[in-house]
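By convention in this document, chain letters (A, B, ...) are assigned in the order of the sequence lines, proteins followed by strands, and residues within each chain are numbered from 1.
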Amino acid sequence: DTEVTQTPKHLVMGMTNKKSLKCEQHMGHRAMYWYKQKAKKPPELMFVYSYEKLSINESVPSRFSPECPNSSLLNLHLHALQPEDSALYLCASSQRGTSGSHGETQYFGPGTRLLVL
Amino acid sequence: AQTVTQSQPEMSVQEAETVTLSCTYDTSESDYYLFWYKQPPSRQMILVIRQEAYKQQNATENRFSVNFQKAAKSFSLKISDSQLGDAAMYFCAPPRASGTYKYIFGTGTRLKVLA
């Protein structure tokens with residue numbers, strides 16, 4: 001099973017709402033990632049969890065709050081978002097969760113398309 | 001710092017023809033991995049091919065192959081016998097820096113396949 005699942009597929013929220021995005025993988029991978037992708041742009045890394053520890057926070061505003069309850073699950077909690085936060089949010093995982101130049105293949109989920117009104 | 005350049009925002013190819021997508025990067029590492037990913041419209045991003053820098057041989061995966069020029073820091077993707085299903089955004093991912101978990105991607109090349 002090489003699947004990364006994400007729910008929901010689509011989300012519309014107001015600027016005062018609180019919502020969560022969920023990502024799940026059952027490949028035994030030890031690293032999980034959140035990316036933000038605007039239309040016609042490459043994915044931009046937001047957070048990396050390696051062995052359930054937050055390893056990278058790319059200076060993302062605090063209205064985005066990641067959580068890794070266990071090695072298979074990754075959540076992204078959203079609160080008081082702005083319209084410019086509207087984007088495709090991608091989750092990915094990779095096997096070893098190690099750092100350095102020997103990068104690993106990332107397995108991506110289908111994404112959650114978020115619209116903030 | 002990791003940098004990557006995909007100089008072709010958009011390319012077109014006739015079905016069954018061959019096309020090459022370019023990617024150049026910068027790194028201070030000597031041993032590293034490079035990746036090409038494909039993102040079809042409204043579908044998941046998937047790995048196309050991976051190259052390990054210490055290997056002399058260029059990686060191939062069926063109709064996909066790379067032309068890896070380590071000294072020139074060039075990593076182009078060749079798609080042979082193009083098919084309609086190859087239409088997608090293609091992102092090059094350069095080497096990660098030592099000690100980092102961070103991946104970055106090039107700006108992407110949109111490939112159109114003409115019937």
Would a single hydrophobic cluster contain both [Y] and [X], if residues Ile, Leu, Val, Met, Phe, Trp and Tyr are joined by side-chain heavy-atom contacts under 4.5 Å?
| X | Y | result |
| --- | --- | --- |
| B/Ile49 | B/Phe35 | no |
| A/Leu21 | A/Ile56 | no |
| A/Leu114 | A/Trp34 | yes |
| B/Phe64 | B/Leu34 | yes |
| B/Met11 | B/Trp36 | yes |

Can you tell me how far the [atom1] atom of [X] sits from the [atom2] atom of [Y], to the nearest 0.5 Å?
| X | Y | atom1 | atom2 | answer |
| --- | --- | --- | --- | --- |
| B/Glu10 | A/Lys40 | CD | NZ | 8.5 Å |
| B/Ser42 | A/Arg113 | OG | CZ | 6.5 Å |
| A/Tyr107 | B/Leu47 | OH | CG | 7.5 Å |

Where do [X] and [Y] come nearest, in terms of heavy atoms and distance?
| X | Y | answer |
| --- | --- | --- |
| B/Met45 | A/Pro43 | CE-CG, 3.8 Å |
| B/Tyr33 | A/His102 | OH-ND1, 3.6 Å |
| A/Lys41 | B/Phe91 | O-CZ, 3.9 Å |
| A/Pro42 | B/Phe105 | CB-CB, 3.9 Å |

Worksheet item: Non-hydrogen atoms of chain A under 4.5 Å away: do they reach the side chain of B/Arg50, the backbone, both or neither?
Response: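 The answer is the side chain of B/Arg50.
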Discussion item. Is B/Ser98 close to chain A through its backbone or its side chain, or both, or neither, when contacts mean heavy atoms under 4.5 Å?
Written reply: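 For B/Ser98, backbone heavy atoms alone lie under 4.5 Å from chain A.
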Around atom [atom1] of [X], are there more than 12 heavy atoms from other residues, nucleotides or ligands closer than 6.0 Å?
| X | atom1 | result |
| --- | --- | --- |
| B/Gln83 | CD | yes |
| B/Asn62 | CG | no |
| B/Arg43 | CZ | no |
| A/Glu44 | CD | no |
| B/Lys70 | NZ | yes |

Fill in: Selection from B/Gln39, B/Arg110, B/Glu52 maximising heavy-atom pairs under 4.5 Å formed with chain A
B/Gln39
Worksheet item: Among B/Gly108, B/Ala53, B/Gly99, which has the most heavy-atom pairs under 4.5 Å with chain A?
Response: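 Maximum pair count with chain A is reached by B/Gly99.
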Practice prompt. Identify which part of A/Gln106 has an atom lying under 4.5 Å from any heavy atom of chain B, answering side chain, backbone, both or neither.
Written response: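 Both backbone and side chain.
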Worksheet item: What part of A/Gln6 gets closer than 4.5 Å to chain B, counting heavy atoms only: side chain, backbone, both or neither?
Response: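 For A/Gln6, no heavy atom lies under 4.5 Å from chain B.
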Worksheet item: Looking at A/Gly111, A/Ser94, A/Ser50, which makes the most heavy-atom pairs under 4.5 Å with chain B?
Response: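 Ranked by heavy-atom pairs under 4.5 Å with chain B, first place is A/Ser50.
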Discussion item. Under a 4.5 Å cutoff for heavy-atom pairs, which residue among A/Leu45, A/Thr105, A/Val48 has the most contacts with chain B?
Written reply: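 With the most close heavy-atom pairs to chain B, the winner is A/Thr105.
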Discussion item. Using modelled atom types and a 3.5 Å cut-off, is there a donor and acceptor pairing between side-chain atoms of B/Tyr103 and backbone atoms of A/Glu104?
Written reply: yes
